[in-house]
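One structure is given here, and the rest of the page talks about it.
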Protein chains: 2
Amino acid sequence: MTDTPLPIHRDFEREEFEVRCEIPETIRSDLMQIGGIPGLKTLLPSAGRIEELSSTHHALSDPVRVTILYLLSVQPLCVCVIRECIGISGSKLSYHLNIMKENGLIVSEQQGNWIIYRLTDKGKVFAEELARM
Amino acid sequence: MTDTPLPIHRDFEREEFEVRCEIPETIRSDLMQIGGIPGLKTLLPSAGRIEELSSTHHALSDPVRVTILYLLSVQPLCVCVIRECIGISGSKLSYHLNIMKENGLIVSEQQGNWIIYRLTDKGKVFAEELARM
DNA sequence: TATGCATTTCATAATAATTTGAAATAGATG
DNA sequence: CATCTATTTCAAATTATTATGAAATGCATA
């Protein structure tokens with residue numbers, strides 16, 4: 001693990017770079033080319049976008065919700081069929097459906113006595129990810 | 001919201017379909033073509049795969065971790081630079097890095113006094129998702 | 001309007017994730 | 001070997017998420 005020489009630079013301690021620690025040379029040289037820490041920060045998505053992304057991932061961070069995603073990728077389904085496939089209580093299912101809905105992965109439509117859920121375009125994008133990983 | 005007639009079928013109460021509730025006709029007809037509830041279930045990924053997917057999404061369900069993903073999509077970085085960009089304590093950062101590592105989104109490599117993190121191929125796939133949504 | 005069914009809502013209990021700060025580890029240097 | 005720096009580990013406190021079951025809602029039908 002200790003196979004590289006370790007030239008140390010304190011350039012990053014200068015206030016223009018806002019860094020209070022030393023940095024290994026391999027990292028430092030690349031970082032300089034994009035404007036140091038400040039330059040790196042400008043390449044990040046906005047705070048709002050990052051919140052949105054993490055929230056969306058949270059909506060898929062539970063096995064029940066991932067299962068719902070794949071069930072609905074087959075066809076739109078009413079709550080009772082989803083419930084039957086997964087084998088959980090109605091209130092529990094409702095809780096999970098709501099999280100997915102709030103995050104724009106699914107939408108619901110009342111049809112008579114039933115409520116039918118289907119994937120949104122965003123939901124479909126995530127359902128297709130199975131192939132990519 | 002109440003715009004469709006509601007023909008009710010109890011076919012799904014027959015044990016071969018394992019359903020104990022009524023189902024709206026629009027859903028029922030499509031469902032029959034894939035073999036009812038049992039057929040639908042066979043189209044799901046395995047339980048292990050679903051666990052894996054939800055775990056991966058969990059690893060991206062926090063703003064700190066999403067930020068790390070995007071920082072590392074620019075270039076490999078040592079912990080101290082990541083820390084400087086995000087502005088959190090070392091132990092907290094370590095906690096989040098570990099979750100991402102356990103889920104195969106990043107790998108670390110010791111270089112002298114520092115530990116350098118970089119995205120795995122899997123991590124890169126998720127970093128690219130920004131463009132898709 | 002009374003009833004039945006599908007679904008949601010709500011309060012609460014149970015569980016899990018995150019934060020915190022102190023202590024430990026690991027490598028480099030004097 | 002003593003010390004410094006970077007990073008991780010650990011236990012405890014805090015906070016967030018999920019599960020549960022009872023009650024409420026909404027639609028349909030008699």
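By convention in this document, chain letters (A, B, ...) are assigned in the order of the sequence lines, proteins followed by strands, and residues within each chain are numbered from 1.
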Subject >> side chain to side chain donor-acceptor pair (under 3.5 Å) partners of residues 42-53 of chain B, not counting sequence neighbours, each pair once >> reply: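 Those involving residues 42-53 of chain B are B:Arg49-B:Glu52.
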Original post:
Using a distance-only test with no angle check, is there a side-chain donor-acceptor pair under 3.5 angstrom linking A:Ser108 and A:Lys101?
Top reply: yes
Original post:
Would you say the side-chain atoms of B:Ser55 and B:Asn103 include a donor-acceptor pair closer than 3.5 Å?
Top reply: yes
To the nearest Å, how far apart are [X] [atom1] and [N] [atom2]?
{"X": "A:Ile23", "N": "D:dT5", "atom1": "CD1", "atom2": "P", "value": "15 Å"}
{"X": "A:Arg83", "N": "C:dT7", "atom1": "CZ", "atom2": "P", "value": "9 Å"}
{"X": "B:Asn113", "N": "C:dA26", "atom1": "CG", "atom2": "P", "value": "13 Å"}
{"X": "A:Gln111", "N": "C:dT7", "atom1": "CD", "atom2": "P", "value": "11 Å"}
{"X": "B:Leu93", "N": "D:dT8", "atom1": "CG", "atom2": "C1'", "value": "11 Å"}
{"X": "B:Ile116", "N": "C:dG27", "atom1": "CD1", "atom2": "C1'", "value": "14 Å"}
{"X": "B:Glu109", "N": "D:dT7", "atom1": "CD", "atom2": "C1'", "value": "15 Å"}
{"X": "B:Ile88", "N": "D:dT7", "atom1": "CD1", "atom2": "C1'", "value": "13 Å"}

Any heavy-atom pair between the side chains of [Y] and [X] that's under 4.5 Å?
{"X": "B:His57", "Y": "B:Ser61", "answer": "no"}
{"X": "B:Thr120", "Y": "B:Lys124", "answer": "no"}
{"X": "B:Leu53", "Y": "A:Leu60", "answer": "no"}

**OP:** Scan nucleotides 17-23 of chain C nucleotide by nucleotide, 5' to 3', and note B when protein non-hydrogen atoms come under 4.0 Å of the base, S if they reach only the sugar-phosphate, - if neither.
**Re:** SBBBBB-
Original post:
Considering only C:dA6, D:dA6, D:dT8, which nucleotide approaches the side chain of B:Trp114 most closely?
Top reply: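 Output: D:dA6.
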Original post:
Taking the side chain of B:Gln110 as its heavy atoms from C-beta onward, which of C:dT8, D:dT9, C:dG27 lies nearest to it?
Top reply: C:dG27
Subject >> Where B:Ile27 and A:Gln75 come nearest, the two heavy atoms and their spacing >> reply: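 Distance-wise, the nearest heavy atoms are O-NE2, 3.4 Å.
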**OP:** Take A:Ile116 and A:Gln110 through the side-chain contact (heavy atoms from CB on, under 4.5 Å) test and state the conclusion after the steps.
**Re:** CA-CA 6 Å; A:Ile116 294 174; A:Gln110 183 121 18; over 6 Å; no
Check nucleotides 11-15 of chain D against the protein and report each pair of N or O atoms closer than 3.5 Å, with its distance, or say if there are none.
none

**OP:** Using the side-chain contact (heavy atoms from CB on, under 4.5 Å) rule, take A:Tyr117 and A:Leu105 through it: C-alpha gap first, then chi angles, then the decisive distance, then the call.
**Re:** CA-CA 10 Å; A:Tyr117 283 88; A:Leu105 295 171; over 6 Å; no
